[in-house]
Amino acid sequence: MYLADRSAPAGAKTAPPDRGSGRASAVAPTVLALGTVSLITDISSEMVTAVLPLYLIAGLGLSPLGFGALDGVYNGVSALVQLTGGHLADRVRNHKLVAGIGYGLSALCKPLLLLAHSLGPISVILALERTGKGLRTAPRDALISLSTPDELQGRAFGVHRAMDTTGALLGPLAAFLILGVAVDGYDAVFGVSACVAVLGVVVLMLFVPSGAGDTPPRPAAAPPAAPAAPAAPARPNPVRLRDAAALLRLPRLRALALCAVLLGLTTVSDAFVYLLLQRRTGIDDQWFPLLPLGTAAVFLLLAVPAGALADRIGRRTVFLTGHALLLAAYGLLLWAPDWPALPYLVLALHGMFYAATDGVLPAAVAATVPESLRATGLALVGTGQALARFACSLAFGGAWTLWGTGPALAAAAAGLLCCAAVAGCVLRPSPPVPAAPAAPAPAPPDPARRP
């Protein structure tokens, strides 16, 4: 299977190119609008994520074991709900509506954190907030893919992920600034986060179109000589659960899902990477909150170039290269000497990994799924990958406890190397599609012949 297959299957329509300019528009307005929504929403979400460990452990006295269980809920629920959100969006044929429900549910949960002061209510609120994230992810990515021509899918997802990562950079900075100046810091963070989340929902409702495409209107055709009775519009067939399950019969989608799960099983979570880096280099605790910002900064800088490169040279190549960069980061953590530049190298490789994979995978999936099941196909692959990464976190945490950091990371690196080799074999490049023969030029008129 070819990860960068540029020929879409039957029914997998994307927005046609801009006929006025003679080439496809680089970024559709829908992509920019959704990127703005994600930027604002990520500021809100990351404000909460940045202070949540301190709030729960230092503020409420939650044990590390309780926080670990809560973190599992926080990251696992959205993965399970993705399938529901994707299928529901395809079934009602309104991706914006389902995405709006997801964004609205997440925004509603933010002020509820002001009222919760024990593990039970906080767990319920966080589960509902992650339910909103799961509902919106697949419809949002479907809107991006349906508004973009196939040959520009990587660039479009790269632009969106770059804008999303900008919010991930600004959110923690805003949270720490509020904690430094507000009297009741945690409540102030939750309150400001709720207001920012509502702003994101307003931007979605006002600026994201309900339709899939963002192409310019076609010129009106000449009126017919005699008016004809309008034909009744044909109602599309409803999307059923069996149609969603039948997507796995598509060889290309099945190969992508398999590779996403295999590689996810060997992708250590970000929190463990930062903890390993701190232990390896002796970074002071006061600088630890800045480590995610290093990854996010590199991701922000390279997301768009990596997406454009994937469109040009093939998504398979860029996707596998991203995992090779992650393997290099594991190798530095395991065997590199104590260079002063070691933290910067590891964070740079970590950010490059995300830039080469986070937007490239949905771009590849979008090219293999019919338009009527676009959100469902994206949800299938995304859910498999998220659950695999969650399983990897559990296994890595257990290996760390039993064997120590070095053997645990060495096992993860060996697994990643093997799974990347398998993915390289499964995602074989397809033979090039022959170009269509050019139409013969019309013969020039005979000047000697009179009309």
Side-chain angles (χ1 to χ4, degrees), residues 3-4 25-28 31-47 49-50 140-141 144 148 152-177 263 267-271 273-274 277 281 283 287-333 336 339-364:
L3 191 63
S25 176
V27 181
V31 177
L32 297 177
L34 286 169
T36 304
V37 173
S38 293
L39 188 155
I40 297 172
T41 303
D42 244 40
I43 292 176
S44 171
S45 299
E46 294 301 324
M47 287 175 66
T49 303
R140 179 205 65 202
D141 285 350
I144 294 173
T148 307
L152 294 176
Q153 294 275 331
R155 180 190 296 272
F157 278 102
V159 168
H160 175 268
R161 296 314 194 254
M163 298 179 73
D164 182 90
T165 307
T166 303
L169 278 170
L170 297 177
L173 295 177
F176 286 118
L177 179 62
L263 293 170
T267 302
V268 178
S269 72
D270 297 354
V273 170
Y274 302 140
L277 182 60
T281 60
I283 296 174
W287 300 109
F288 182 80
L290 298 180
L291 295 180
L293 300 184
T295 296
V298 177
F299 185 13
L300 171 63
L301 291 174
L302 298 181
V304 177
L309 182 65
D311 290 334
R312 187 162 60 250
I313 70 172
R315 291 159 195 157
R316 169 186 180 270
T317 302
V318 175
F319 184 72
L320 294 177
T321 301
H323 287 87
L325 294 170
L326 180 63
L327 184 62
Y330 291 172
L332 288 178
L333 288 172
W339 298 328
L342 180 60
Y344 304 100
L345 291 174
V346 172
L347 292 177
L349 290 170
H350 200 223
M352 293 164 67
F353 156 70
Y354 276 114
T357 58
D358 195 62
V360 173
L361 179 61

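- For the atom pair Thr317 OG1 and Arg312 CZ, the distance stands at 12.0 Å (nearest 0.5 Å).
- Of all the heavy atoms in Gly154 and Asp311, the pair that sits closest is N-OD1, 2.8 Å.
- Val31 approaches Ala156 most closely through the heavy-atom pair CG1-O, 3.5 Å.
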Show the numbers, then the answer: is there a salt bridge (Lys or Arg N to Asp or Glu O under 4.0 Å) between Arg161 and Asp358? CA-CA 8 Å; Arg161 296 314 194 254; Asp358 195 62; 3.0 Å; yes

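- Here OG of Ser38 is found 4.5 Å from CZ of Arg140. Values are rounded to the nearest 0.5 Å.
- Note that CD of Glu46 is 11.5 Å distant from OG1 of Thr41, once rounded to the nearest 0.5 Å.
- Between the side chains of Thr357 and His323, no donor-acceptor pair of N or O atoms lies under 3.5 Å.
- Nearest heavy atoms, Val360 versus Val318: CG2-CG1, 4.0 Å.
- Among all heavy-atom pairs drawn from Phe157 and Gly359, the shortest one is CB-O, 3.4 Å.
- Side-chain contact between Leu326 and Tyr354: absent, with no pair of heavy atoms (C-beta onward) separated by less than 4.5 Å.
- Using a 3.5 Å distance cut-off with no hydrogens or angles, the side chains of Tyr274 and Thr295 do pair a donor with an acceptor.
- One finds the CG atom of Asp164 at 12.0 Å from the CD1 atom of Ile40 (value rounded to the nearest 0.5 Å).
- Closest heavy-atom contact between Thr165 and Ala296: CG2-O, 3.1 Å.
- Residues Phe353 and Thr267 meet the side-chain proximity criterion, which asks for heavy atoms closer than 4.5 Å.
- Under the 6.0 Å cut-off for aromatic ring centres, Phe299 and His350 do not qualify, their centroids lying 6.0 Å or more apart.
- Between Leu293 and Pro172, the shortest heavy-atom contact is CD2-CG, 4.2 Å.
- In this structure, Gln153 contributes its side chain and Thr148 its backbone to a donor-acceptor pair below 3.5 Å.
- Distance CG/Leu277 to CG/Leu347: 5.5 Å, rounded to 0.5 Å.
- Summarising the geometry, atom OH belonging to Tyr330 is positioned 12.0 Å from atom CG belonging to Leu325; distances are rounded to the nearest 0.5 Å.
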